Novice: 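Below are the structure tokens for one structure; questions will follow.
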Amino acid sequence: MKRFYIEKAGEFVGKEVTIKGWLYNKRDSGKVKFLLLRDGTGIMQAVMVKGEVENGVFECFNSLTQESSLIVTGKVREDKRSPGGYELSIKGIEIVQLAQSYPITPKEHGVGFLMDYRHLWLRSKRQHAIMRIRAEIIQACQDYLNTNGFTLIDAPIFTPSACEGTTTLFGVDYFGKKAYLTQSGQLYNEAAAMAFGKVYCFGPAFRAEKAKTRRHLTEFWQVEPEMAYARLEETIEVCEELLLFILKRVLERRREELKRLERDISFLEGIRPPFPRISYDEALQILKERGIELEWGEDFGAPHETALSQKFDTPFFVHRYPAQCKAFYMKRDGEAPHLALCVDGLAPEGYGEIIGGGEREDDLETLKERLEEYNLPEEAFQWYLDLRRFGSVPHAGFGLGIERTVAWICGLSHVREAIPFPRMLDRIRP
RNA sequence: UCCCCGGUAGCUCAAUGGUAGAGCGGGUGGCUGUUAACCACUAGGUUGGCGGUUCGAGUCCGUCCCGGGGAGCCA
């Protein structure tokens, strides 16, 4: 017989099953006692009435504490009075461990307290829903890329040098030498793209930014596709397809979780392509119309991104930023060399940037000049320059931030809930 | 790093410079359908640390620590 899981309770009506799980909560009314059991897939109410179960089983109810681990057997029934519509009539209870007094109660708590107990907080309904959606989004990224000709080529976590300047890197001791935790797999992705054509890497990135906002983690995950011979417009197409694929997948498979988070599902369902593509110059114009002045050449700050993302009901792309505010490897626009052939993908509803990417500089001499302009040591980038010496081609790619995407799709107010164990300025525990 | 707000029972929060309190959680008892159940009783405090003002400080001042919100930068 199939193993029973609470989320599949409907397939077991009338059958006797075993739930291996934990006590989420309990209630009683004298001779009727209710256990709310969770097994990792969902929560199900179990009930027992005095006289209808063995006395020992009935009496053990009083000793049960929140989050005690239990193995409960009984028969599955449909019952409208039960949350979820299905209920277990208890036959037997085996106590695996009686939990000590559990710190997280069914009442309200502050974020600081909950973050201190992140290892336990993950058991709560809301966090459970977020993590299942996160897993679905990650799988959707991989499914989309794997079925569209991309090969997964992992990039290293230890790196000998910076790819976007050294100020935001975490340094580590590497057998007496200085190494850094990667802030992006991109440079290695470019090498991989020259070998495999279309590639992607998926993994954590580390940025030692002293940023204390709802959108920053010092350790975050990203998926980074890179494509040989791709230009900016094609890259934006891939960004759009990937986002649509993710949305469709989550709406198909994680609808219950979205409901639990009280996400506005109809908003997500209403998202249709094509997503607007606006240039940096057009974005400045939009901001101006809204009374927000920004000098040309300045990068967008949080208020600018928020204002822009409130204008659209879908994700949208801002392309061709001033080259001066972008990284050294960005290719310049041949027709307007003061612009970089780059793109940011922004989520609507005030969420802002979730994607950053663009074309990479493919000319050896130009790239050498850039390294000098940006004060980067050329010798550390010899391997990277090799990619321009041996069969250089136009190429482009982008990075999609997982936590920011999760935060947007789930409607979270802070990315810290979008990752199991967030690492932030001033928080590295648990 | 800067600006703003906060730190009181396990948790969420009250308390004019004058006797530290409530709800939840814990414990005990009651209730045959509960839905963050309900009812009764009960235990629980160095008011973040240090220093100062005052007859008297949870409350005012200084400083440090911790948390929350925001900014610069970014996925």
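Just so it is clear: chains get the letters A, B, ... in the order the sequence lines come, proteins before strands, and each one is counted from 1. Because the structure is a prediction, the values reported are computed rather than measured.
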Novice: Does R255(A) pair with E136(A) as a salt bridge, N-O distance under 4.0 Å?
Specialist: no
Novice: Tabulate protein N/O versus nucleotide N/O from nucleotides 12-14 of chain B, keeping only pairs under 3.5 Å, one per line.
Specialist:
| from | atom 1 | to | atom 2 | distance (Å) |
| --- | --- | --- | --- | --- |
| rU12(B) | OP1 | G110(A) | N | 2.9 |
| rU12(B) | O2' | E108(A) | OE2 | 2.8 |

Novice: Considering only heavy atoms and no angle criterion, is a donor-acceptor pair shorter than 3.5 Å present between the side chain of D299(A) and the base of rC73(B)?
Specialist: no
Novice: Near RNA chain B, under 4.0 Å by heavy atom, which residues of residues 88-100 of chain A?
Specialist: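 Heavy-atom contacts with RNA chain B come from no residue of residues 88-100 of chain A; none.
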Novice: I want to confirm an ordering. Mapping H304(A) and K326(A) to their closest nucleotides on RNA chain B, which one lands closer to the 5' end?
Specialist: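 In this pair, the answer is H304(A).
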Novice: On the six-membered ring of F61(A), is K26(A) placed so that its NZ or CZ lies under 6.0 angstrom from the centre and within 45° of the ring axis?
Specialist: yes
Novice: So, is R416(A) close to the rG69(B) phosphate, meaning a side-chain N or O under 4.0 Å from OP1 or OP2?
Specialist: yes
Novice: Whole angstrom is fine here: how far is it from CD in E226(A) over to P in rA75(B)?
Specialist: 14 Å
Novice: Output a table of donor-acceptor pairs, distance under 3.5 Å, between side-chain atoms of residues 93-103 of chain A and any protein atom two or more places apart or on a different chain; print 'none' if there are none.
Specialist:
| from | atom 1 | to | atom 2 | distance (Å) |
| --- | --- | --- | --- | --- |
| Y102(A) | OH | L120(A) | O | 3.2 |

Novice: Could you write out each protein N or O paired with an N or O of nucleotides 1-3 of chain B at a distance under 3.5 Å?
Specialist:
| from | atom 1 | to | atom 2 | distance (Å) |
| --- | --- | --- | --- | --- |
| rU1(B) | OP1 | K210(A) | NZ | 3.3 |
| rU1(B) | O4 | K210(A) | O | 3.2 |

Novice: Considering only residues two or more places apart or on different chains, which pairs with a residue in residues 407-422 of chain A satisfy side-chain hydrogen bond (donor to acceptor under 3.5 Å, both in side chains)?
Specialist: R126(A)-E417(A), Q127(A)-E417(A), E349(A)-W408(A)
Novice: Identify whether the distance between the nearest side-chain nitrogen and carboxylate oxygen of E67(A) and R38(A) falls below 4.0 Å.
Specialist: yes
Novice: Among the candidates rG25(B), rA75(B), rG69(B), find the nucleotide nearest to the side-chain atoms of H414(A).
Specialist: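 Between rG25(B), rA75(B), rG69(B), the one nearest the side chain of H414(A) would be rG69(B).
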Novice: Taking the C1' atom in each of rC66(B) and rG30(B), what is the distance between them to the nearest angstrom?
Specialist: 44 Å
Novice: Take K31(A) and E305(A), find for each the nucleotide of RNA chain B with the closest heavy atom, and name the residue whose nucleotide sits nearer the 5' end.
Specialist: K31(A)
Novice: Specify the residues of residues 215-224 of chain A, ordered by number, for which at least one heavy atom lies under 4.0 angstrom from an atom of RNA chain B.
Specialist: R215(A), H216(A), L217(A), F220(A), Q222(A)
Novice: Using atom types as modelled, flag every donor-acceptor pair under 3.5 Å from a side chain in residues 396-404 of chain A to any protein atom, sequence neighbours excluded.
Specialist:
| from | atom 1 | to | atom 2 | distance (Å) |
| --- | --- | --- | --- | --- |
| E403(A) | OE1 | W221(A) | N | 3.0 |
| E403(A) | OE2 | R134(A) | NH1 | 2.9 |
| E403(A) | OE2 | R134(A) | NH2 | 3.3 |
| E403(A) | OE2 | W221(A) | N | 3.3 |
| R404(A) | NE | R215(A) | O | 3.1 |
| R404(A) | NH1 | E353(A) | O | 3.2 |
| R404(A) | NH2 | R215(A) | O | 3.0 |

Novice: Residues two or more places apart in sequence or in another chain: which of them pass side chain to side chain donor-acceptor pair (under 3.5 Å) with D299(A)?
Specialist: none
Novice: Mind listing the residues from residues 49-71 of chain A sitting with a heavy atom below 4.0 Å of RNA chain B? Number order is fine.
Specialist: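 Contacting residues: V49(A).
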Novice: In whole angstrom, give me the gap between the C1' atoms of rA9(B) and rG21(B).
Specialist: 10 Å
Novice: Using atom types as modelled, flag every donor-acceptor pair under 3.5 Å from a side chain in residues 44-59 of chain A to any protein atom, sequence neighbours excluded.
Specialist:
| from | atom 1 | to | atom 2 | distance (Å) |
| --- | --- | --- | --- | --- |
| Q45(A) | NE2 | E87(A) | OE2 | 2.8 |
| K50(A) | NZ | E59(A) | OE2 | 3.4 |

Novice: I'd like the C1' distance from rC13(B) over to rC31(B), given in whole Å.
Specialist: 31 Å
Novice: List for me each residue that meets salt bridge (Lys or Arg N to Asp or Glu O under 4.0 Å) alongside K198(A), sequence neighbours excluded, and say none if there are none.
Specialist: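 K198(A) satisfies salt bridge (Lys or Arg N to Asp or Glu O under 4.0 Å) with no other residue.
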Novice: For E87(A) and rU32(B), give me the distance from atom CD to atom C1', rounded to whole Å.
Specialist: 13 Å
Novice: Only stems of 3 or more consecutive Watson-Crick or G-U pairs count here, both distances under 3.5 Å; name the ones for RNA chain B, or none.
Specialist: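 Listed by first number, the stems are B:1-7 with B:65-71, B:10-13 with B:21-24, B:26-30 with B:38-42, B:48-52 with B:60-64.
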